[in-house]
Amino acid sequence: MTSSRDSLSAELDEWLAAIPGEVDARVEAVRQRIGRIARQFDRVLAVVAAEHDLSIGDWEALSALARAGAADGLTPGQIGERLALTSGTVSVRLERLRSAGLVEDVPGADGRQRPVRLTPTGMQRWGAATLARTQVESRLFGDALTPDQLGRLDGLLARLLAGLEDEFGPAPRHDMTRGRRSAP
């Protein structure tokens, strides 16, 4: 098991003193830790992506295509909507993925659309990177929590997420780095 002393422990009192008004220290501590944990998982994603010759953006696009699972692919507009990206960003990203042999164009139903899908190489690269990511995360969780603690944490986070989604609508389906927000 890892140490229970984290970076927030050393800063929490100072942070709470800087916030105006009455603040529930427990809520602020949990929110700060969730944010820091999310940023750490972004780091895991960046390291593993680089080890598989992918950018985080490439991985996000490949993930959207893999999750769609459709043989007829997704249009650039659908990818942009799922990942909250502009059409220009999607175009640049898809061109890079085409050049790398990770996606290919497929005929659109109306002849005008230009959907893309994963190539076998794209599916293999995305699968290997995703498996590596899950293995790193499993090790990190296993180093910090017992299986029973992990199960309890999952239940607590499920309740918290349900409350947030009741208030603000569904969370994005896809992992999204750099603070982008997608449509539900």
Side-chain angles (χ1 to χ4, degrees), residues 34-142 150 153-155 157-158 160-184:
I34 289 171
R36 289 177 188 208
I37 289 167
R39 290 187 294 277
Q40 292 294 67
F41 281 118
D42 286 348
R43 287 179 172 180
V44 169
L45 189 62
V47 167
V48 174
E51 289 171 352
H52 289 84
D53 279 337
L54 296 169
S55 71
I56 291 175
D58 293 342
W59 193 343
E60 290 173 344
L62 295 175
S63 292
L65 289 165
R67 284 182 169 180
D72 49 353
L74 294 174
T75 66
Q78 290 169 319
I79 294 169
E81 184 178 299
R82 289 175 189 215
L83 299 178
L85 298 172
T86 66
S87 60
T89 299
V90 172
S91 294
V92 169
R93 190 164 296 168
L94 289 178
E95 189 51 43
R96 187 172 55 243
L97 294 171
R98 274 188 206 96
S99 295
L102 302 178
V103 301
E104 63 188 359
D105 296 326
V106 294
D110 65 4
R112 294 179 303 153
Q113 303 253 357
R114 227 175 114 188
V116 296
R117 67 178 170 212
L118 293 174
T119 62
T121 301
M123 182 56 108
Q124 184 281 328
R125 176 105 48 97
W126 173 82
T130 300
L131 179 61
R133 176 192 57 81
T134 63
Q135 290 170 341
V136 169
E137 291 168 349
S138 290
R139 179 185 52 78
L140 292 168
F141 276 106
L150 184 59
L153 178 61
D154 182 46
L157 290 173
L160 179 59
L161 179 58
L164 288 165
E165 289 180 331
D166 285 348
E167 182 84 15
F168 299 105
R173 287 182 54 212
H174 295 276
D175 289 342
M176 308 269 282
T177 56
R178 298 172 298 283
R180 289 194 321 266
R181 294 179 47 204
S182 76

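- Listed by chain and number, the residues in a side chain to side chain contact (heavy atoms under 4.5 Å, CB included) with Glu104 are Arg117, Thr119 (sequence neighbours excluded).
- Taking 4.5 Å as the limit, some side-chain heavy atom of Ile79 sits within range of a side-chain heavy atom of Val116.
- Under a 3.5 Å cut-off, the side chain of Arg39 and the backbone N or O of Gly35 do form a donor-acceptor pair.
- Residues satisfying the side chain to side chain contact (heavy atoms under 4.5 Å, CB included) criterion with Glu51, sequence neighbours excluded, are Val47, Val48.
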task = Just do the side-chain contact (heavy atoms from CB on, under 4.5 Å) check on Val103 and Leu62 with the steps written out, would you?
result = CA-CA 8 Å; Val103 301; Leu62 295 175; 3.9 Å; yes
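- Of the inter-residue distances, the one linking Leu97 atom CG with Leu65 atom CG reads 8.0 Å to the nearest 0.5 angstrom.
- Considering only heavy atoms from C-beta on, Arg82 comes within 4.5 Å of Leu74 through its side chain.
- For the atom pair Gln124 CD and Leu118 CG, the distance stands at 11.5 Å (nearest 0.5 Å).
- Under the 3.5 Å distance criterion, the side-chain polar atoms of Thr134 are matched with a main-chain donor or acceptor of Leu131.
- For the residue pair Arg93 and Gly57, the shortest heavy atom distance occurs at CD-O, 3.1 Å.
- Arg114 and Pro76 make their closest contact through O-CD, 3.4 Å (heavy atoms, listed as atom of the first residue, atom of the second, distance).
- The CD atom of Glu60 sits 7.0 Å away from the CG atom of Leu85 when rounded to the nearest 0.5 Å.
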request  = Run the numbers on Leu140 and Val44 for side-chain contact (heavy atoms from CB on, under 4.5 Å), then give the verdict.
outcome  = CA-CA 10 Å; Leu140 292 168; Val44 169; 4.0 Å; yes
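- Residues Gly101 and Thr121 come closest through the heavy atom pair O-CB, 3.8 Å.
- With rounding to the nearest 0.5 angstrom, the CG atom of Asp42 is 12.5 Å from the CD1 atom of Ile37.
- Minimum heavy-atom separation, Leu54 to Ala129: CD1-CB, 4.1 Å.
- For Leu45 against Arg133, the heavy-atom pair with the smallest separation is CD1-CD, 3.9 Å.
- Residues Glu165 and Ala171 share a closest heavy-atom pair of OE2-N, 2.9 Å.
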